[in-house]
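Shown next, in structure tokens, is the structure this report addresses.
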Amino acid sequence: MVAETLILRINPLKPERDLVRVAAAILKEGGLVAFPTETVYGLGAVASRRDAVLRIFRVKGRPPDNPLILHLASPDWLPSVSREIPEVAYRLAERLWPGPLTLILHRSESVLDEVTAGLPKVAVRVPAHPVALSLIEEVGEPVAAPSANKSGRPSPTRAEHVLEDFKGEIEAVIDSGDTLHGVESTIVDVTQSPPVLLRPGALPVEDIERVAGVKLVIPPFARGLGEADRALAPGTRYRHYAPRAEMVVVELEDYSELSRLARVVREIALSKKASGLRVGVLCSDETASFYEGVGVVRSLGPRSNMFIVARNLFAALRDLDREGVDFIVAEGFEERGLGLTVMNRLRKAAGFKVIRG
Ligand code: AMP
Ligand code: MG
């Protein structure tokens, strides 16, 4: 427990050097600093400090078998964390870093067991956010960071979300406004051939396949359909991204039948309302008008722009919590491009409770 959490307001486009130095100094002393990335806010610790890394697990309430991602300031740092880097990793790193892509590589000895949760592989990425990059550069070594939320909660897309979860428990949070993507990085295990998608994220699978020149293996757990073997995808076994309310997702085979989707969502919402619950609906611009009078309605955006939908998702879940809803009915989205990412998060947030419309 720390008495007060320092809030550092840093310009996301032109990070003030003196403020970045303050944050870097806290990290170097073994403190925890939440910082913005282009995906979500991360909860950082210097990756070589066991005490600091262990504190991340403690304050998050994170199971010790769920490893962290190493954030590097440059791909040039790769040899310090892995000595076996396949050709495809270099190709992806060269074209897609800095960016929302996390690569799983064989770890080198120097990486702490606590960071990889004892696994032989390590997760790494170079974030595309000026504040994150200058912070890591200033620290001068890899920064371990999971998302800056209590374990199981929706990931934070603004500093205010970080403070909701960690006020008084971490040394500092950097406030640089809303994050760009609003969902986490895409995780690809490049130690396997063909590479395996472990988590869909802000970078669409199709973009990665184009650069890699191969189709990725997409296991069912990456779509948010049930839980994976721990050795394959640690951290996928828990309910994740979850609002306080109970939640279901209504899915269709074919999303050209939007009025059918809206009818089913509305029916479920009304029956929950009739049983005395305060209901929230997560929908799209196309269908929002169907839900008048049903409860707290939040549109994630137009189906034609899944970037917007993904970007709004976690903030909308936290918003429905603040509204005090007891039950959330969410519309499903087509699993293409960022739709795969959105469906992974929705299914997990719902604890895998899916209704076929
Ligand atoms: P978060 O940024 O909070 O989503 O947490 C980092 C994610 O990276 C976790 O969900 C892990 O599943 C994933 N991850 C980290 N290291 C590894 C690894 N060695 N193998 C597979 N997944 C990993
Ligand atoms: Mg997380």
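Note that ligands are numbered from 1 as they come in the structure, with each ligand's atoms numbered from 1 the same way.
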Open item on the list: Check contact between R199 and ligand 1, using heavy atoms of the residue and a distance below 4.0 angstrom.
Closed with: yes

I'd like to know: is the Mg ion (ligand 2) within the 2.8 Å range of an N/O/S atom from S147, strictly under that distance?
yes

Inset, instruction - For the residue pair K28 and R49, establish whether any side-chain heavy-atom pair is separated by less than 4.5 Å. - result: no

Of E184, R62, K60, the residue with the heavy atom nearest atom 5 (O) of ligand 1 is R62

I104 heavy atoms within 4.0 Å reach ligand 1 at atoms 17 (C), 18 (C), 20 (N), 21 (C), 22 (N), 23 (C)

Ligand 1 atoms nearer than 4.0 angstrom to some heavy atom of A123 are 15 (C), 16 (N), 17 (C)

Atom CZ of residue position R83 - does it have more than 12 heavy atoms of other residues, nucleotides or ligands inside 6.0 Å? no

request  = Could you tell me whether the side chain of R303 reaches within less than 4.5 Å of the side chain of L258, counting heavy atoms only?
outcome  = yes

So, regarding K121 and ligand 1 (criterion: nitrogen or oxygen to nitrogen or oxygen, under 3.5 Å), is there a contact or not? yes

Within a radius of less than 6.0 Å around CZ of R278, do more than 12 heavy atoms belonging to other residues, nucleotides or ligands occur?
yes

Going by the 4.0 angstrom heavy-atom rule, the piece of T116 near ligand 1 is neither

Ligand 1 atoms nearer than 4.0 angstrom to some heavy atom of S147 are 1 (P), 2 (O), 3 (O)

Are Y255 and F333, when compared by the centres of their aromatic rings, separated by less than 6.0 Å? no

- Query: Do any heavy atoms of I187 fall under 4.0 Å from ligand 1?
  - Reply: yes

Ranking V183, N66, L70, L105 by closest non-hydrogen atom to atom 10 (O) of ligand 1, top hit is N66

- Residues, nucleotides or ligands: over 12 heavy atoms within 6.0 Å of K215 NZ: no

Contact between V115 and R107 at the side-chain level, heavy atoms closer than 4.5 Å - yes or no? no

